[in-house]
Amino acid sequence: MQIQQEEILDLLHEHFPELAEKELQKDIAEVGRLMHYNAGQTIMDYGSYVRMVPLITEGSIKVTREEDEEGKEMILYFLGKGETCAMSFSCCMMDKQSAFRTEALEETRFIGIPVKYMDQWMTKYQSWKKFIMGTYDNKMMEIIKVMDSVAFEGMDERLTKYLKARSEAAGTNELECTHQEIANDLNASREAISRLLKKMENKGLVELHRNRVVLV
DNA sequence: ACATTAAGTGATT
DNA sequence: AATCACTTAATGT
């Protein structure tokens, strides 16, 4: 137990320097649980109850919202280390079933904070409140950007933004994913994505391999 | 070597 | 831009 608390403190210092209050750090170390997911694993699914808020320390996560009819999803945003899931707050604060699905894109680790502490920490710790509010603001803007690009932009721009956002979250230019997966995320056909990627490759913007796209 | 799955291509609507 | 029908290429067994 003691060892795990030390580890959490180290992770906090490394990835969440803005959570500077000593007391807060102590609390997190005390109640936080180290979680681990493999690539492709679903962390939270539609309809499940959120019991933890994640502080991501390694890897990246994709957050999608269910869309009408069969299988159509809409990407909301990606999350990487040093971030947390804004949607998980509203879900857990309202004690609502999740309307979102989160999936680990690669091997992912985070510190899980049980939801019951959210409330008290908001009033008790200034840095926690700032952190949560800042996250809200960020992700809200990102969602609006996604909506704009769906409404006003062509597939090519959307693809470019998708790749950029995803690589930013992952902290690497090498994305492990198939054209089919990208197509699903953008609600496009696999062929369309393949062709656009090919064009980008010819322009020297990306490198294509099986199950891998490298941004240049 | 063979089967499976990912990716590329052209034609059609 | 979607869908179809097919080819080509990479990868696992």
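All values reported here derive from a predicted model rather than from experimental measurement. So that the names make sense, note that chain A is the first sequence line, chain B the second, and so on, each numbered from 1.
Side chain of A:His179 to main chain of A:Ile193: no donor-acceptor pair is present (N/O by atom type, distance under 3.5 Å, no hydrogens or angles). Put simply, the side chain of A:Glu201 gets close to the backbone of A:Leu208: a donor and an acceptor are under 3.5 Å apart. The backbone N or O of A:Leu175 lies less than 3.5 Å from no partner atom in the side chain of A:Arg166, so there is not a single donor-acceptor pair. Remark: side-chain polar atoms of A:Ser48 are not paired, donor with acceptor, to backbone N or O of A:Met44 under 3.5 angstrom.
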TODO: Would you give a per-nucleotide map of nucleotides 8-13 of chain B, 5' to 3', where B means the base has a protein non-hydrogen atom under 4.0 Å away, S means only the sugar-phosphate does, and - means neither?
DONE: BBB---
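Checking each of A:Glu168, A:Glu106, A:Glu107, A:Glu58 against A:Lys81 for a salt bridge (Lys or Arg N to Asp or Glu O under 4.0 Å) leaves exactly one that passes, namely A:Glu58.
Ion pairing of A:Glu153 with A:Lys161 is present here, as a side-chain N (NZ or NE/NH1/NH2) and a carboxylate O approach within less than 4.0 Å. Using a 4.0 Å cut-off between charged side-chain N and carboxylate O, A:Glu142 and A:Lys139 make a salt bridge. Salt-bridge check for A:Glu73 with A:Lys62: failed, with every basic side-chain N at 4.0 Å or more from each acidic carboxylate O.
Taking both residues in full, the closest heavy atoms of A:Ala20 and A:Ser127 are given as N-OG, 3.9 Å, listed atom of the first, atom of the second, then distance.
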Protein N or O to nucleotides 10-12 of chain C N or O, pairs below 3.5 Å:
residue, atom, partner, partner atom, Å
C:dA10, N3, A:Arg210, NH1, 3.2

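The overall bend of the helix from B:dA1-C:dT13 to B:dT13-C:dA1, read as the angle between its terminal helix axes built from five base pairs each, is 10° when rounded to 10 degrees.
What separates NZ of A:Lys199 from P of B:dA7 is a distance of 19 Å, to the nearest Å. Separating the CG atom of A:Leu196 from the P atom of B:dA7 is a distance of 14 Å, rounded to the nearest angstrom. Computed from coordinates, the A:Leu175 CG to B:dA6 C1' distance equals 16 Å when rounded to whole Å. Following rounding to the nearest Å, A:Glu176 (CD) and B:dA7 (P) show an atom-to-atom distance of 11 Å.
Judged purely by distance below 3.5 Å, without hydrogens or angles, the side chains of A:Tyr125 and A:Asp27 pair a donor atom with an acceptor atom.
Side chains of A:Cys91 and A:Phe100 form a contact here, defined as non-hydrogen atoms less than 4.5 Å apart.
Sorted by first and then second residue, the pairs that involve residues 207-216 of chain A and meet side chain to side chain donor-acceptor pair (under 3.5 Å), not counting sequence neighbours, are A:Glu174-A:Arg212, A:Glu207-A:His209. Pairs of residues two or more places apart, or lying in two chains, that qualify as ring-ring contact (aromatic ring centres under 6.0 Å, His included) and include a residue from residues 24-49 of chain A are A:Tyr37-A:Phe110.
Using a 4.0 Å heavy-atom criterion, one finds that A:Thr178 contacts the sugar-phosphate atoms exclusively.
Taken residue by residue, residues 151-166 of chain A places heavy atoms nearer than 4.0 Å to DNA chain C at A:Met155.
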